Amino acid sequence: MTVCTRFAPSPTGYLHIGGVRTALYSWLHARRLGGRFILRIEDTDLERSTPEATAAILEGMEWLGLHWDAGPFYQTQRMDRYREVLAQMLAAGTAYHCYCSKEELEAMREEQRARKEKPRYDGRCRNRHEPRPGVQPVVRFRSPDQGETVVEDLIHGTVRFQNAELDDLIIARADGTPTYNFCVVIDDWDMGITHVIRGDDHLNNTPRQIQILRALGATPPVYAHVPMILGPDKQKLSKRHGAVSVLEYREQGYLPEALLNFLLRLGWAHGDQEVFHMDEMIRYFRIEDVHKAASAFNPEKLLWLNAQHIQAMPPADLAQRLWPYLQREGIDAACLRAGPELEQVVLALRERAKTLVDMARGALFFYRAPTEAVAADRDKHLRGRGELLRRAAEHLAELPDWTATSLHDALQALADVESEGKLGKIAQPLRVAVAGCAVSPPLDQTLAILGREESLRRLRQALAWTE
RNA sequence: GCUCCCAUCGUCUAGUGGUCCAGGACACCGGCCUCUCACGUCGGUAACAGGGGUUCGAACCCCCUUGGGAGCGCCA
């Protein structure tokens with residue numbers, strides 16, 4: 001049987017980082033085994049599901065490159081199927097109507113809690129044959145009360161549950177709509193899911209789902225419950241920890257492969273390797289090797305990985321990825337054409353940028369001449385150095401060829417006469433003059449990329465800032 | 001409360017009975033490199049939660065304790 005995995009988020013909010021990791025693991029598992037990966041939207045909670053959330057999930061998955069082979073399927077569009085199975089189960093006696101009111105159930109749970117018992121439905125409607133007038137019944141699954149249900153989990157190993165601990169869960173509400181635990185089971189079954197990879201907060205639901213499947217005569221899939229992701233402080237990950245939505249990471253200039261790499265390594269390792277490219281992730285990832293313990297999100301490491309991926313990416317690709325961020329900084333297509341080759345700029349910037357946002361900001365001055373210098377940098381490096389700028393411009397203007405190496409030699413020669421050979425003394429003023437601030441790629445490279453004409457123009461323009 | 005899960009440096013992890021006075025990475029602290037900022041590079045600090053077993057031998061196996069987490073909805 002060919003492997004089939006799925007990612008089944010409910011569209012009640014943005015696609016968060018924990019969800020992305022389970023999606024990644026499912027995707028990777030399917031990819032490595034040549035299987036299929038399905039996307040399913042669990043939108044049975046009409047109250048909280050929104051089309052915006054669905055759109056955000058799809059957008060996030062696409063940005064990450066986690067392509068799905070089928071779907072997205074929507075549970076709200078499968079209601080007829082659920083009702084069909086519900087009717088079958090009712091007829092077969094594996095499910096029954098329950099006429100208990102919410103108040104009655106709450107009172108029962110209260111009593112159980114008072115007795116220090118686990119609150120659970122006691123099955124009082126199991127043998128009721130007469131409807132209660134005026135009460136719309138829910139449908140409950142008839143759960144076995146003896147024996148045990150064993151979950152063979154790929155990550156946790158064998159986990160045993162006493163059936164006596166399982167109560168008769170509600171599988172359809174009074175209004176006839178099916179509930180989560182029921183829909184998942186039917187969907188996974190209908191869609192031929194062979195491996196259910198999901199958060200370990202579902203581990204406790206698994207025996208119930210297995211029981212429903214058995215009642216239906218279906219073979220349960222293989223399960224793998226992945227641990228959750230905690231915030232840096234080991235507390236449940238939430239907004240106060242910073243970005244939790246994937247799309248926020250896009251905004252902040254992270255590469256999807258870096259985010260995926262980070263999430264992959266959170267709870268999984270392949271020896272000492274830290275940086276994984278997509279093909280390696282697919283080749284090496286084994287769901288069986290995922291850790292059992294929850295792990296804390298480490299933003300610094302993500303940042304470091306992002307820098308690694310930025311440096312490893314071919315300049316042409318990187319330039320393409322950078323473009324939207326440059327646009328956001330106000331550079332338009334005409335501006336880009338008028339300036340230096342973006343690949344050259346990217347090449348000069350890539351080892352000092354940790355995010356695409358950093359890089360776009362660092363690239364700005366190549367396309368838009370500074371109209372003024374950063375005040376502190378001007379005061380420190382430019383004030384009173386007008387003569388230096390003039391001589392530098394003169395000197396450089398005579399260069400036969402305008403390349404980084406010849407510029408380097410020329411700058412060194414200039415330093416020899418101006419500052420006893422100390423390049424630092426002249427490089428900073430010149431840098432602030434052409435870049436508008438004290439930080440840029442090496443000056444020789446920067447001038448080479450800017451070109452002769454533009455460099456000289458900027459040096460002359462900066463004379464105004466030396467007063 | 002009950003059921004289930006989990007436990008190696010601050011963090012992510014390697015490690016599946018001897019090769020571990022525990023290795024790598026991020027972060028941190030020093031040195032080097034250097035025209036700025038970075039990159040890089042060299043070095044350093046830092047962990048097997050505690051207690052019992054099993055064994056010639058335990059980070060690795062078993063039990064208990066402690067600590068964390070999840071679930072116990074007509075939410076998903």
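Quick note: numbers below take in every heavy atom, side chains included, and nothing from hydrogens, waters or symmetry partners. Per chain, numbering begins at 1; letters A, B, ... match sequence-line order. Predicted model only: the values in this text are computed from it and were never measured.
- The interatomic distance linking A:His225 (NE2) with B:rC4 (P) rounds to 16 Å, in whole Å.
- If you take NE2 of A:His408 and C1' of B:rU36, they are 15 Å apart, rounded to a whole angstrom.
- Summarising the base pairing, B:rG71 is matched to B:rC2 through a Watson-Crick or G-U wobble pair whose two defining distances lie under 3.5 Å.
- Taking atom P in both B:rC32 and B:rU13, one finds a spacing of 35 Å when rounded to whole Å.
- Defined by atom type and a distance below 3.5 Å, a donor-acceptor pair is present between the side-chain atoms of A:Thr76 and A:Asp43.
- The P atoms of B:rC5 and B:rC64 are separated by 12 Å, rounded to the nearest whole Å.
- Across B:rC21 and B:rA58, the matching P atoms stand 13 Å from one another, rounded to whole Å.
- Side-chain atoms of A:Asp201 stay outside donor-acceptor range of the base of B:rG71, with no qualifying N/O pair under 3.5 Å.
- The aromatic rings of A:His270 and A:Tyr284 lie parallel to each other, their planes meeting at an angle below 30°, with 60° marking the opposite boundary.
- In this structure, A:Arg208 fails the cation-pi test against A:Phe141, since its NZ or CZ atom is not both closer than 6.0 Å to the six-membered ring centre and inside 45 degrees of the ring normal.
- Nucleotides B:rU55 and B:rC62, compared at atom C1', are 12 Å apart to the nearest Å.
- Side-chain atoms of A:Asp167 stay outside donor-acceptor range of the base of B:rC72, with no qualifying N/O pair under 3.5 Å.
- Checking B:rU3, B:rA14, B:rC12 against every side-chain atom of A:Ala296, the shortest atom distance belongs to B:rC12.
- Atom name P, nucleotides B:rG53 and B:rG10: the rounded distance is 28 Å, in whole Å.
- A:Phe7 places its CZ atom 17 Å from the P atom of B:rA76, with the value rounded to the nearest Å.
- When both pairing distances are held under 3.5 Å, B:rG40 makes a Watson-Crick or G-U pair with B:rC32.
- Of the candidates B:rU36, B:rA76, B:rG1, B:rU36 carries the atom nearest the A:Val439 side chain, counting heavy atoms from C-beta on.
- Distances from the side chain of A:Val159 to the nucleotides B:rA27, B:rG73, B:rC5 place B:rC5 closest.
- Between the CG atom of A:Leu105 and the C1' atom of B:rC74 there is a distance of 9 Å, given to the nearest Å.
- Using a 4.0 Å heavy-atom criterion, one finds that A:Glu274 contacts the bases of the nucleic acid, with or without backbone contacts as well.
- Between A:Ala294 and A:Arg115, it is A:Arg115 whose nearest contact on RNA chain B lies nearer the 5' terminus.
- For A:Gln235, taking side-chain heavy atoms from C-beta onward, the closest of the listed nucleotides B:rG69, B:rC39, B:rC35 is B:rG69.
- One C1' atom belongs to B:rC42, the other to B:rC33, and the distance between them is 11 Å to the nearest Å.
- Side-chain contact annotation: A:Tyr325 with A:Asp358, donor-acceptor N/O pair under 3.5 Å absent.
- Atom pair A:Gln445:CD and B:rA38:C1' shows a separation of 12 Å (rounding to whole Å applied).
- In this structure, CG of A:Leu443 is placed 18 Å from P of B:rA38, rounded to the nearest angstrom.
- Across B:rA76, B:rU36, B:rU11, the shortest atom-to-atom separation from the side chain of A:Gln428 is found for B:rU36.
- Not a single donor-acceptor pair, N or O on each side, falls under 3.5 Å between the base of B:rG24 and the side chain of A:Gln273.
- A gap of 12 Å separates the C1' atoms of B:rA14 and B:rC48, to the nearest Å.
- A:Phe276 pairs with exactly one of A:Trp268, A:Phe262, A:Phe285 by the ring-ring contact (aromatic ring centres under 6.0 Å, His included) rule, that one being A:Trp268.
- For A:Leu423, the listed nucleotide lying nearest its side chain is B:rC35; candidates were B:rC74, B:rG24, B:rC35.
- When the side-chain nitrogen and oxygen atoms of A:Lys118 are compared with OP1 and OP2 of B:rU3, none of them lie within a distance under 4.0 Å.
- Within 6.0 Å of the CD atom in A:Gln136, the count of heavy atoms belonging to other residues, nucleotides or ligands does not exceed 12.
- Contact check, A:Thr179 against B:rG73: no side-chain N or O comes under 4.0 Å of OP1 or OP2.
- Counting only heavy atoms from C-beta on, A:His291 has its side chain closest to B:rA14 among B:rU36, B:rA14, B:rC74.
- If you take CE of A:Met108 and C1' of B:rC2, they are 14 Å apart, rounded to a whole angstrom.
- Residue-to-nucleotide contacts include a donor-acceptor pair under 3.5 Å from the side chain of A:Arg352 to the base of B:rC37.
- One atom, CH2 of A:Trp304, and another, P of B:rG10, lie 20 Å apart when rounded to the nearest Å.
- Residues A:Ser295 and A:Arg265 have side chains that never bring a donor and an acceptor to within less than 3.5 angstrom of each other.
- The glycosidic torsion of B:rC33 lies more than 90° away from 0, which places this base in the anti conformation.
- At B:rU13, none of the side-chain N or O atoms of A:Lys292 fall inside 4.0 Å of OP1 or OP2 (strictly under the cut-off).
- Taking only distance into account, the side chain of A:Arg120 never meets the base of B:rC72 through a donor-acceptor pair shorter than 3.5 Å.
- Rounded to the nearest Å, the gap between the C1' atom of B:rA70 and that of B:rA76 is 15 Å.
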